[in-house]
Amino acid sequence: MPGTDRTGLAGPLRRALAEAGWLPPTGVGPAPSAPTPPEAAAGPVPREDVAPAAPREDTARPVPRGDTAGPVVGVDLGGTKLHAVLYDPARHRLLDRVERTDPRGGTAVTSQIAELVASLAAAAGSTGLPARVAIGCPGAPDPVSGAVGHAPNIPGWDRMDVPGDLESRLGTRPLVHNDANLAAWGEHVWQPDGGGDLAFVAVGTGVGLGLVLDGRMYAGSRGLAGEVADLPFGADPFDPANLVHGPLEQRVSGRGIERRYHELTGRRWTAPEVFAAANDGDEAAARVLDELGRLLALALRAVRAIVDPAVFVLGGGIGARPETLAATRRWLTVTEGASLQVRTSTFGARAAVAGALAAAVTA
């Protein structure tokens, strides 16, 4: 039922996040009433250097389950990086691991996730694996089949029961959600002023949207709610070249910024270089960022017309930048005045894994 913290760990975990610098100091205190997400388809934080994932033996094996009051794990799976964080309530600490995502996809990645969870549990001194694991991934997890569609960077996940395969390895069925939905959930649960409908717009290598409506993550009937990359503006929606990544994503993304700057100048600069050039007075770079803000403002207006969230949160490597927020607000002011509430993410690059931890203690 909504408002249930099923582990008793939400308050201590929120304090751990604040102590580790994930939340501002004002966030320290009792955890807000944390609504329950829908059933899944299915000191400082130590960090490890990112290292290539070694080849892994593909063997599904049952393992001991942890105690429900024991550690919880949140995982953020990206096309290139796998980030997992364990909260150890016995020692009130966060354990943090990062690896490169196994490029083979499929069961190689589910095996990698299970081994990473096991390594965190061993580091925490646990005798078994945690009973509560939540995973954020790109794409659309199907609540019936367990397959994850629209995730081209994780090959094979669209043809397998991902939660089922992970359950055979972890000994417990994990929650598997779209990463933007989990980012929205984390902002909703961990923020001191959490509450109300919220839309999280992630802009990085691509663009995505996570929704919290009526105190629950909302993914739609087939997990496709929030696929704003498919909104029909930014590029020609009928051009077959725009059907894979979506018309909006052709412009509102890191690659879109790089492509547009090359169109204007002939120079092939990375998105961070374009941002730096705009701050140094480069007119073409400033134009690219202004166009980015205009398209994001249009996207937010389109989302508002359907679900009308109380607040929009911009996240991701591009979305969380202050220049992106400023450009978006400029265009919103032209059309909406001050009626749309827009801010940047509290957690930055950790938004999805923070949301996974929130799901792990409230599911």
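Because the structure is a prediction, the values reported are computed rather than measured.
Contact record, A360 with A134: N-CB, 4.0 Å, taken as the closest heavy-atom pair.
Here A147 pairs with S145 under the side-chain contact (heavy atoms from CB on, under 4.5 Å) rule; sequence neighbours left out. Listed by chain and residue number, R91, R93 satisfy the salt bridge (charged side-chain N to carboxylate O under 4.0 Å, His left out) test with D88 (two or more places apart in sequence, or in another chain). Among residues two or more places apart in sequence or in another chain, the side-chain hydrogen bond (donor to acceptor under 3.5 Å, both in side chains) test is passed with E283 by none. Applying the side-chain contact (heavy atoms from CB on, under 4.5 Å) rule to A84 yields the partners V75, L116, L120; only residues at least two apart in sequence or on another chain are considered. Checked against side-chain hydrogen bond (donor to acceptor under 3.5 Å, both in side chains), R287 has the following partners two or more places apart in sequence or in another chain: E291. Residues satisfying the salt bridge (charged side-chain N to carboxylate O under 4.0 Å, His left out) criterion with R159, sequence neighbours excluded, are absent altogether. For R251, the side-chain contact (heavy atoms from CB on, under 4.5 Å) partners are R260, E263, L295, not counting sequence neighbours. Applying the side-chain contact (heavy atoms from CB on, under 4.5 Å) rule to D308 yields the partners R304; only residues at least two apart in sequence or on another chain are considered. In this view, R301 and E336 satisfy the side-chain hydrogen bond (donor to acceptor under 3.5 Å, both in side chains) rule, not counting sequence neighbours.
Neither side chain, E258 nor T270, offers a donor N or O lying under 3.5 Å from an acceptor on the other. In this model, no donor atom of one side chain and acceptor atom of the other lie less than 3.5 Å apart for D158 and H150. Side-chain N/O atoms of T172 and E167 include no donor and acceptor closer than 3.5 Å. In summary, the side chains of T101 and Q112 do not present any donor paired with an acceptor at a separation below 3.5 Å, with no hydrogens or angles considered.
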| said: Quick one, L77 with I154, criterion side chain to side chain contact (heavy atoms under 4.5 Å, CB included). Give me CA distance, side-chain angles, the key distance, then yes/no. | reply: CA-CA 9 Å; L77 171 65; I154 316 294; 4.2 Å; yes
| field | salt bridge (charged side-chain N to carboxylate O under 4.0 Å, His left out) between R104 and D102, worked out | value | CA-CA 6 Å; R104 294 174 295 174; D102 193 312; 2.8 Å; yes
| Intermediate values then yes/no, side chain to side chain contact (heavy atoms under 4.5 Å, CB included), L86 and L94 | CA-CA 6 Å; L86 177 145; L94 299 173; over 6 Å; no
| field | Pair V303-L209, side chain to side chain contact (heavy atoms under 4.5 Å, CB included): steps then yes or no | value | CA-CA 9 Å; V303 172; L209 174 76; 3.9 Å; yes
| When you look at D290 and R294, which way does the salt bridge (charged side-chain N to carboxylate O under 4.0 Å, His left out) test go after all the steps? | CA-CA 6 Å; D290 185 63; R294 180 176 180 273; over 6 Å; no
| Worked check of side chain to side chain contact (heavy atoms under 4.5 Å, CB included) between L166 and R173 | CA-CA 7 Å; L166 285 164; R173 193 170 185 85; over 6 Å; no
| task | Would you check, one step at a time, whether the test salt bridge (charged side-chain N to carboxylate O under 4.0 Å, His left out) holds for E115 with R169? | result | CA-CA 9 Å; E115 292 187 21; R169 301 171 189 276; over 6 Å; no
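Distance check, rounded to the nearest 0.5 Å: CG of L213 to CG of D197 gives 5.0 Å. Here CG of D76 is found 10.5 Å from CD1 of I135. Values are rounded to the nearest 0.5 Å. The CD atom of Q191 lies 8.0 Å from the CZ atom of R14; values are rounded to the nearest 0.5 Å. For the atom pair CZ of R321 and OG1 of T344, the computed distance is 12.0 Å after rounding to the nearest 0.5 Å. Of the inter-residue distances, the one linking W157 atom CH2 with D142 atom CG reads 14.0 Å to the nearest 0.5 angstrom. Residue F200 holds its CZ atom at 10.0 Å from CZ of F347, rounded to the nearest 0.5 Å.
Residue pairs meeting the ring pair (Phe, Tyr, Trp, His ring centres under 6.0 Å) criterion with at least one member in residues 248-273, sequence neighbours excluded: Y261-W269. Pairs of residues two or more places apart, or lying in two chains, never qualify as ring pair (Phe, Tyr, Trp, His ring centres under 6.0 Å) while including a residue from residues 290-319. Pairs of residues two or more places apart, or lying in two chains, that qualify as ring pair (Phe, Tyr, Trp, His ring centres under 6.0 Å) and include a residue from residues 88-147 are Y87-H92.
Of the possible donor and acceptor atoms, none in the side chain of W331 sits under 3.5 Å from a partner among the backbone N and O of A297. At least one donor-acceptor pair closer than 3.5 Å links the side chain of T324 to the backbone N or O of I318. E187 places no side-chain N or O within donor-acceptor distance of the main-chain N or O of S345, the cut-off being under 3.5 Å. A donor-acceptor contact shorter than 3.5 Å links the side chain of N181 to the backbone of L211. Although no hydrogens or angles enter the test, the distance criterion places no donor-acceptor pair under 3.5 Å between the side chain of E99 and the main chain of L82. The closest donor-acceptor contact from the side chain of S126 to the backbone of A122 lies at 3.5 Å or more, if one exists at all. Within the 3.5 Å criterion, the main-chain N or O of T107 finds no donor-acceptor partner in the side chain of S111. A side-chain donor-acceptor contact under 3.5 Å links W190 to the backbone of A354.
Between D179 and P138 the shortest side-chain heavy-atom distance falls below 4.5 Å. Residues N279 and E323 have side chains in contact (heavy-atom distance under 4.5 Å, counting atoms from C-beta outward). Taking the side chain as every heavy atom from C-beta outward, V313 and V201 never approach each other to under 4.5 Å. The shortest side-chain heavy-atom distance between L182 and M217 falls under the 4.5 Å cut-off.
A salt bridge does not link D96 with R350: every distance from a Lys NZ or Arg NE/NH1/NH2 to an Asp or Glu carboxylate oxygen is 4.0 Å or more. Using a cutoff of 4.0 Å between basic side-chain nitrogens and carboxylate oxygens, R267 and E273 are not scored as salt-bridged.
For the pairing with P89, the side-chain contact (heavy atoms from CB on, under 4.5 Å) check across V72, L9, T7 returns one residue only, L9. If you run side-chain contact (heavy atoms from CB on, under 4.5 Å) between V288 and each of T265, D282, L264, only L264 comes through.
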